[in-house]
2 protein chains.
Amino acid sequence: MKTASSKPRLGSRGQPEESRAAILKAAVREFAEHGIAGARTDAIAQAAHVNKALLYYYFKDKETLYGAVLDYVFSNLKLVVLQALQSESAPRDKVLAYVGAYFDFIAGNPLYPKLVQREMMRAGRGGSPHLKHIVEEYFRPIYSEVSQILHQGIAAGEFRPVDPLHFVPSIVALVVFYFSTAPVMQIMAQFDPMAPERVAERRAAVLDFISAALFRHSGQRQKENASEGP
Amino acid sequence: MKTASSKPRLGSRGQPEESRAAILKAAVREFAEHGIAGARTDAIAQAAHVNKALLYYYFKDKETLYGAVLDYVFSNLKLVVLQALQSESAPRDKVLAYVGAYFDFIAGNPLYPKLVQREMMRAGRGGSPHLKHIVEEYFRPIYSEVSQILHQGIAAGEFRPVDPLHFVPSIVALVVFYFSTAPVMQIMAQFDPMAPERVAERRAAVLDFISAALFRHSGQRQKENASEGP
DNA sequence: GTTGGTTAATTAACTAGTTAGTTAGATTAT
DNA sequence: ATAATCTAACTAACTAGTTAATTAACCAAC
């Protein structure tokens, strides 16, 4: 988006892209840990080993920087997740691949789920200026794909007749929740919820949970309905 | 805690408990919508129709007020949820009662899930001073109860052999996520996710999801394992 | 039954410390 | 030179928390 012509065209002190990247990376952490309101621009600058004014050289203001962070995170997510859905396998395996890829992406970037959660919560009157863009650009395409696979699986009799509009968010909930609430887990159980064994355990639990809730099992006869009044 | 002797003992302008309650109520909304960092004490005072100094008359500081809000919300949750577990019915019905009560509590207080989520995310180094108290006082008792019921159901062959340490948080995730991410739903689908019909729909979907994932079905033969490496 | 003191409840106005954002200039590759 | 990259120092606005004064209920004494 910037260097469209011949060379990288470095400036004075030398690291234009590096500086920008460092700021973004530092901003990811700061925003994830403290939210937009709690994040401190000074802290971001310091973590990026950069003068604060440089933030405003590369980004209009705090809100814009926050938007860039969101775009960075969600575009990565979209990439990873849609790639996992590329294969030509059965709906059953596609769903498992999707969930696995989603989980691994989040597990590999423990800061992201908080960012996601935080952003999702900003809207209750006078909310986020980014949410609409994020939903249209990232969430909807993913949702469409997964939704389609669910319909295929249901039509093929492989899946129980679930409503994608509820089932897809439920998947996200199961994947994300563990990580965004890791601090609680840390206190509840007496172990580090981010330790590899524990994460693997959670992964298995999530896949098991979703499999059991979605896949039709061998010699099974169950009711067809998936909705009832309260 | 205050009037232990004879009379209510009102003060000057007259409404000590009312003022305190008004502040708490306003604080719930403000903290839920903006988080601790984003919440403005002036806004709370204004919403409570009270001078800002009164916040500091009743509560030591912002953090303490936030703690009071959390205690208020979580003690209510504990009450409702534990009451739902009181009955002498089968594990299956107890779980459904628990999930239903949890869901209804959240649905009836749409501000709570954000508060919960927000608090759960505060800890990543230098985190919340309240989290430990909340976990010990509210989460652990609830967890113990539900965990016990799960074990009973598993022993009775009613439930699949799930690990409560993962299954219980998964339940919470399913219940809470829809509400804390309602803004996303609002944009994704083209309807108001908080409309009664939609909430009822979600309720059914959650109960269906959990039932399918937990209960053993009629003539069914499935694998016994509930864990595998990634 | 009025007076005056005591105390809880409440407020207007203020203060000290932060913090997002700016400015004017420095540095250096080309 | 010149334009991109970068910085030290500054500012304007905001915000948590304080202070000192005010109001009115209650109670005891006269």
*Between A:Asn109 and A:Leu111, is there a donor-acceptor pair closer than 3.5 Å when you use the side chain of the first and the backbone of the second?*
no

*Quick one: do B:Glu17 and B:Arg20 make a salt bridge, cutoff under 4.0 Å?*
no

*Between atom CG in A:Leu55 and atom P in D:dT7, what is the gap in whole Å?*
11 Å

*Which of parallel (below 30°), tilted (30 to 60°) and perpendicular (above 60°) describes B:Phe31 and B:Tyr66?*
perpendicular

*Could you tell me the separation between the CG atom of B:Leu54 and the C1' atom of C:dA12, rounded to a whole number of Å?*
13 Å

*Rounded to the nearest angstrom, tell me the gap between atom OH in B:Tyr57 and atom C1' in C:dT11.*
13 Å

_What I want to check is whether the side chains of A:Ser147 and A:Arg140 have a donor and an acceptor closer together than 3.5 Å._
no

*In whole Å, what is the span from the CZ atom of A:Phe59 to the P atom of C:dT22?*
15 Å

_Donor-acceptor contact below 3.5 Å, side chain B:Arg203 vs main chain B:Asp104_ = no

*Return each pair, listed once, that meets salt bridge (charged side-chain N to carboxylate O under 4.0 Å, His left out) where at least one residue sits in residues 172-182 of chain B; pairs must be two or more places apart or across chains.*
none

*Given pairs defined as Watson-Crick or G-U wobble with both distances under 3.5 Å, what dot-bracket annotation applies to DNA chain D, with ( ) intrastrand, [ ] crossing, | other strand and . unpaired?*
||||||||||||||||||||||||||||||

*Are B:Lys132 and B:Glu136 ion-paired here, with the side-chain N under 4.0 Å from a carboxylate O?*
no

*Examine B:Tyr112 together with B:Phe105 and report whether their ring centres are nearer than 6.0 Å.*
yes

*Closer than 4.0 Å, any side-chain N/O of B:Ser19 to the OP1 or OP2 of C:dA9?*
no

What does the list of N/O pairs under 3.5 Å between the protein and nucleotides 16-19 of chain D look like, with a distance for each?
unit_1 : atom_1 : unit_2  : atom_2 : d
D:dA16 : OP1    : B:Ala39 : O      : 3.1
D:dA16 : OP1    : B:Arg40 : NH1    : 3.1
D:dA16 : OP1    : B:Lys62 : NZ     : 3.3
D:dA16 : OP2    : B:Thr41 : N      : 3.2
D:dA16 : OP2    : B:Thr41 : OG1    : 2.6
D:dA16 : N7     : B:Lys52 : NZ     : 3.1
D:dG17 : OP2    : B:Tyr56 : OH     : 3.2
D:dG17 : OP2    : B:Lys62 : N      : 2.8
D:dG17 : N7     : B:Lys52 : NZ     : 2.8
D:dG17 : O6     : B:Lys52 : NZ     : 2.7

